[in-house]
Amino acid sequence: MAYKLDAKTPAGELAQKWSNHKAAIKVVSPANKRKLDIIVVGTGLGGASAAASLGELGYNVKIFCISDSPRRAHSIAAQGGINAAKNYQNDNDSIYRLFYDTIKGGDYRAREANVYRLAEVSNLIIDQCVAQGVPFAREYGGLLANRSFGGAQVSRTFYARGQTGQQLLLGAYAALNKEIAAGSVKSYPRHEMLDVVIENGEACGIIARNLVTGEIERHGAHAVVIATGGYGNVFFLSTNAMASNGSAAFQCYRKGAGFANPCFTQIHPTCIPVHGTQQSKLTLMSESLRNDGRIWVPKKMEDVEAIRKGTKKPSDIAEGDRDYYLERRYPAFGNLVPRDVASRAAKERCDAGYGVNETGLAVFLDFKTAIERLGKETIKQRYGNLFDMYEEITDVNPYEQPMQIFPAVHYTMGGIWVDYNLMTTIPGLYAIGEANFSDHGANRLGASALMQGLADGYFVLPYTIGDYLAKKIQAPKVSTETAAFDEAEKGVRARIERLFAIKGNQSVDDIHKRLGLIMWDNVGMARTKESLEKAIVEIQKLRKEFYADLKLVGDNESFNVELEKALRLEDFLELGELMARDALNREESCGGHFRSEHQTEDGEALRHDDKFAYAAVWEYKGIDNAPEMTIEPLEYEFVHRAQRNYKD
Amino acid sequence: MNFKLKIWRQRDAKSQGAFETYEVKNISADTSFLEMMDILNNDLIHAGKEPVAFDHDCREGICGMCSMHINGHAHGPSQAVTTCQMYMRKFEDGSTITIEPWRSAAFPVIRDLVVDRSAYDKILQAGGFISVRTNSVPDGNAIPIPKADADESMDAAACVGCGACAATCKNGSAMLFVAARVSSLAKLPQGKVEGARRAKSMVAKMDELGFGNCTNTGACQAQCPKSISIAHIARLNREFLAAKLQD
Amino acid sequence: MSCFLTNSSVGKKLVMSITGCFLVLFILFHMSMNLAMLFSPAAYDAICEFLGANWYALAATVVLAAGVAVHFIYAFILTVDNYRARGKQRYQVTVQEKGVSWASKNMLVLGVIVILGLGLHLIHFWSKMQLVEIMGHHASVVGGYEVGATQGAALMMITFSKWYNVVLYIVWFAAIWFHLTHGVWSMFQTAGFANDTWYPRLKCLANIVATLIFLGFAVVAVYCFLTSTPQLIESLLIA
């Protein structure tokens, strides 16, 4: 049965939609809020800000996170900054311009109304964070400073050194602490959600595993909010934190929530290249480096070979022999093109044989010009910690030799389908932040992830959830002693027992690495019909191997990291296939999704708006059955879809 | 490179722990310390043994999750980095590396190298925030803040809450952690409003949780992966004493 | 009423800071008093007489003793707290962190040496001077001489004519030196008067004060050892 998707997009002028909607939706009185329970899973920017705001409103909130403290979510790793349409730089920025840049950056595959709302509340986020004590960078006059970022021609990114994500998360975490102290929020760290419980078609709680004791717990609530981030770790090697996973979102999908655009994966252009087979994690170098760094490879093949052999240093290559390929191909934006464009351009050069390290998979990011122009001190002030980090990892001093960079998986634009209220196809189940699919279309602009997480958590969900909960004010406390909870818990226990019973020979990482390779080679930066079909077959094969040959040590009744990883890998093995299926269906190139069959003469992404101007929403039909796709058409009332142009 | 690893193994908080020795071989110098641990763990799993539990997440030195005491140093012998930012080239080939969990009464061991740092959360819940509601705030530029103050606030805010300060302090004192938060907010006009209350309640909570007393050795700042200065402890002392004298 | 000076870590440390500061000032005063010995034994005796068993000197002695006692008792309380906070399981490998002074990690050990030295010092001098007066006597017998309660110069010459006393006192002064190199800047830190600009200055000040005190006391002891003769002692006693 296909979904009947209703995005609940309000009518009216673009700029009025959110105000109209807020005025139209129901609110819950303070006395009734006290009677309502909400579960928030995940405590990154989205989850922490939502839980804090909901607690403040008077709801009873329970938060769950897998790390030892809500302060440590992957949001913390965002370095560059957060966008807002403040126009503090007087460079003619506006809500409309931020909206337009975001929707264009997303290659016209996001909902207009959602994106406009995001741009609209972006300014409130900055005010909120400043009031919370986030130490944003300031100018000598004491006012807030900005920097520019990829995909924009204005300077609208607010930042706190290279630690913006950390500082924003600490702000949200502080707000959360305030509510925990007040008793409105109860925190469950080192807990992992293993299932969502549905009763009468509505979400009514979760099954969670206490990661310290292994206990399987039941938690009931009137609404459940999923804020568990993206699923980039399906690739094994990514810039995501090691524990980031798609499992909570995937349980929702298994239980009937639609999963939208799973193939939209962002490959970030400035990561430190892979150095060997023993690597577990890729390190991102902030995109802000592209403000002053210039990206190049040698023009002559002999120079490439000399650099690989070590007979020439990169700094020995004369200016005239360098190919600043982004500046050459995209004169208007130069090194500041959006991430997908920069990544593909690097791949194009490396595929042509100009990659500058032994593996042939690296390009240079050079600060020579910037150091000559601004002086070493200024560069040190701007990027000192990043340069130190680079040197620590690679043993190369980036003040003297250019950095080597290569694209790596970084963010997933796809996620659980939500309507304008951020509610999934299951009533009472919400998804916010990277976990949902709503705002970034097919590609996310830099400094927008933090913006979306906080927009959803602080300024959207606390209002829209009231519209649903207003119907629940007569409902009693959710009982966890019901058939639905019994069944869900039984399912979780059976899953765990099944994994322990396999007693095979391959460790979780052994299999995960193989999945990662299949994904990177076939569902990575450039995809073809053949590669995707191959990926589906190979993943299915690998999944069978997983169930036949997994070696899982330890037991369930104690702290067991291998078990956690095995459960997450089990979900990745299905999610990977879903991504391939979605990519196979989408016979066009847009944003982060590049089908080699669909490109312009200059190798740019070629969209087919006539056929694919929709969100593909997938419905689970069982592990060995193909999922069913429903289409949510993306109508563009206000923006004219054009071929993205970063050249002039 | 080859190494001998002497690692603390402990099943859970109640069990007795002990050191066990393992060997890892053919490790590239560019391998990070935690990747080396991954390799060890994969070997252990293949040998049918339980892998070494250790906390880690972002592997970029920012989440504050990793927490190993390596050869007598919190986070290992490199200066100003977390464990995950340590690379094996820092160690001598063939050497023995001793890896212990954080040792502090307030940080009980959960398993192997994993400890319970929830005490730090509790301290922050006691007052490490500015009491503002969502959406009832002035414009971001309404309060100018001198750049030097914002920078100093940021210096303190860089704390990742890893626990190295209390773990390394011979007194098991959490003063650098508490000071980082108090000082970061004290440097901002927004934070000054409830500054006195914050300093008093956070120090009281820290004492209640059984952390020790600061004796100004400076070991915390030497081992802090973010090089947070004990000048923030001086500011905490000032804030606390001024608040008490005004009572 | 429970007070932050007894129940909070920062308050307890403030007590250490204030009593420590008071003791440093006293030691500086004591040292300058001793230096008079180098120029005029008679002047030194005059100071001793001035600080006999009269009300102001006794009051000062009581305050001083209280300062020592409080500093010492708090040190023990804090150390016991700290020992507990460290937990039962200790690190197998520990190192001396970069930029961390040895003294700062051994203040209690140094403090105990200082207290032992103080005990010796009280037996050598205070029990022969102020205590004698308090008991209502005028003189006591030291090393075969009858020494008046205010004849400090002679008492010093007698005591430091023995080489082992000189060695014991130098060890004591050294312990004080170590204790003060950490203690003097630390008391500013605890009271909140320190920052990154002032750390080098405060640490420099601490080294100067500690060294000054060490030299000021040691030079008198050594001077006495070098110049002390039975004739000189006789002449001082007669005077």
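Please read these numbers as outputs of a predicted model, since none were measured by experiment. By convention in this document, chain letters (A, B, ...) are assigned in the order of the sequence lines, proteins followed by strands, and residues within each chain are numbered from 1.
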Taking 3.5 Å as the threshold, show me the donor-acceptor pairs across chain B and chain C, one per line with distances to 0.1 Å.
unit_1 : atom_1 : unit_2 : atom_2 : d
B:K6   : NZ     : C:Q92  : OE1    : 2.5
B:E100 : OE1    : C:Q92  : N      : 2.6
B:E100 : OE2    : C:Q92  : N      : 3.3
B:E100 : OE2    : C:V93  : N      : 3.2
B:R103 : N      : C:Y91  : OH     : 2.9
B:R103 : O      : C:R86  : NH1    : 2.3
B:R103 : O      : C:R86  : NH2    : 2.8
B:A105 : N      : C:A85  : O      : 2.8
B:A167 : O      : C:R86  : NH2    : 2.5
B:A167 : O      : C:Y91  : OH     : 2.8
B:C169 : O      : C:R86  : NE     : 3.0
B:N171 : OD1    : C:N82  : ND2    : 3.3
B:D207 : OD1    : C:S9   : OG     : 2.7
B:D207 : OD2    : C:S9   : N      : 2.8
B:D207 : OD2    : C:S9   : OG     : 3.4
B:N213 : N      : C:N82  : OD1    : 2.6
B:N213 : ND2    : C:D81  : OD2    : 3.4
B:N213 : ND2    : C:N82  : OD1    : 3.0
B:C214 : O      : C:K13  : NZ     : 3.3
B:T215 : O      : C:H182 : NE2    : 2.9
B:N216 : ND2    : C:S186 : O      : 3.3
B:N216 : ND2    : C:S186 : OG     : 2.5
B:N216 : ND2    : C:T190 : OG1    : 3.1
B:S229 : OG     : C:D196 : OD1    : 2.7
B:S229 : OG     : C:D196 : OD2    : 3.2
B:I230 : O      : C:Q189 : NE2    : 3.0
B:I230 : O      : C:Y199 : OH     : 3.1
B:A231 : N      : C:Y199 : OH     : 3.1
B:N237 : ND2    : C:Q189 : O      : 3.0
B:N237 : ND2    : C:T190 : O      : 3.4
B:R238 : NH1    : C:G192 : O      : 2.6

Locate the shortest heavy-atom distance separating C:A194 from B:A234; write the atom from each residue and the value. O-CB, 3.3 Å
Where C:A85 and B:G210 come nearest, the two heavy atoms and their spacing: CB-O, 3.3 Å
Quick check on the interface: out of [options], who has the most heavy-atom pairs with chain C under 4.5 Å?
| options | value |
| --- | --- |
| B:P101, B:G72, B:A219 | B:G72 |
| B:G212, B:A231, B:G172 | B:A231 |
| B:A106, B:C214, B:G218 | B:C214 |

Go through the atoms of [X] and report whether side chain, backbone, both or neither lie under 4.5 Å from a heavy atom of chain C.
| X | answer |
| --- | --- |
| B:A204 | neither |
| B:A167 | both |
| B:P77 | neither |
| B:L209 | neither |
| B:I233 | both |
| B:F211 | backbone |

Name the member of C:V100, C:L14, C:V10 that forms the most heavy-atom pairs with chain B at distances under 4.5 Å. C:V10
Under the side-chain contact (heavy atoms from CB on, under 4.5 Å) test, which residues partner C:V219, sequence neighbours left out? C:L35, C:L38
For B:F19, I'd like to know if atom CZ has over 12 heavy atoms of other residues, nucleotides or ligands within 6.0 Å. yes
C:L78 portion near chain B, given a 4.5 angstrom heavy-atom threshold: both
